[in-house]
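Here, residue 1 is the first one in the sequence, and each next residue gets the next number.
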Amino acid sequence: MPDLDEKRGTQRQNVIKAGTISFDGSGIDCLVRNMSDGGANLEVESQIGIPSSFDLVINVEHSNHHCHVVWRKARRIGVAFD
């Protein structure tokens, strides 16, 4: 039975991958905690200076996703891919 609280259109896969939040020539390290075709949940040391939209670079996949922040909570950021 589907979870009625589930707001995403696609199932998220739990992963732990190193990523970089990239914007304006700067980069902030993050951990990608889970990911779907439409977005991801990122763990950061601090949210200070992280803009509302940026590129998420995942080196092991050689991927680059432009995304925007949907929610922020302590050391976690939820993003949707544009």
Check: Quick one: does Thr20's side chain have a donor or acceptor within less than 3.5 Å of a partner on Ser22's backbone?
Finding: no

Next item on the list: For a side chain to side chain contact (heavy atoms under 4.5 Å, CB included) with Val32, tell me which candidate from Asn41, Ile16, Leu42 qualifies.
Entry: Leu42

Item checked: Minimum heavy-atom distance between Cys67 and Phe81, given as atom pair plus value -> CB-CD2, 3.8 Å

Margin query: Can you give me the closest heavy-atom contact between Pro51 and Arg72, atom names plus distance?
Written below: O-NH2, 3.2 Å

Atom pair [atom1]/[atom2] of [X] and [Y] - distance to nearest 0.5 Å:
{"X": "Ile28", "Y": "Phe23", "atom1": "CD1", "atom2": "CZ", "value": "4.0 Å"}
{"X": "Lys17", "Y": "Cys30", "atom1": "NZ", "atom2": "SG", "value": "12.0 Å"}
{"X": "Ser26", "Y": "Ile21", "atom1": "OG", "atom2": "CD1", "value": "11.5 Å"}

Item checked: Within-4.5 Å side-chain heavy-atom neighbours: Met35 and His65 -> yes

Note to self: Is there a side-chain contact between Val44 and Ile77 in this structure, where contact means two heavy atoms from C-beta onward sitting under 4.5 Å apart?
What the structure shows: yes

Notebook entry, point to check: Quick check: are there more than 12 heavy atoms from other residues, nucleotides or ligands sitting under 6.0 Å from CG of Asp82?
Noted result: yes

Hydrophobic cluster membership, with links at side-chain heavy-atom distances under 4.5 Å among I/L/V/M/F/W/Y: are [X] and [Y] in one?
{"X": "Val69", "Y": "Ile58", "result": "yes"}
{"X": "Val57", "Y": "Phe54", "result": "no"}
{"X": "Trp71", "Y": "Leu56", "result": "no"}

Note to self: What verdict does the side-chain contact (heavy atoms from CB on, under 4.5 Å) test give for Ser52 and His68, after you've listed the backbone C-alpha separation in whole Å, the side-chain angles of each residue and the deciding distance to 0.1 Å?
What the structure shows: CA-CA 6 Å; Ser52 58; His68 63 275; 6.0 Å; no

Item checked: Any pair counted as salt bridge (Lys or Arg N to Asp or Glu O under 4.0 Å), so long as it reaches residues 43-55, sequence neighbours left out -> Arg33-Glu43, Glu43-Arg75, Glu43-Arg76, Glu45-Arg75

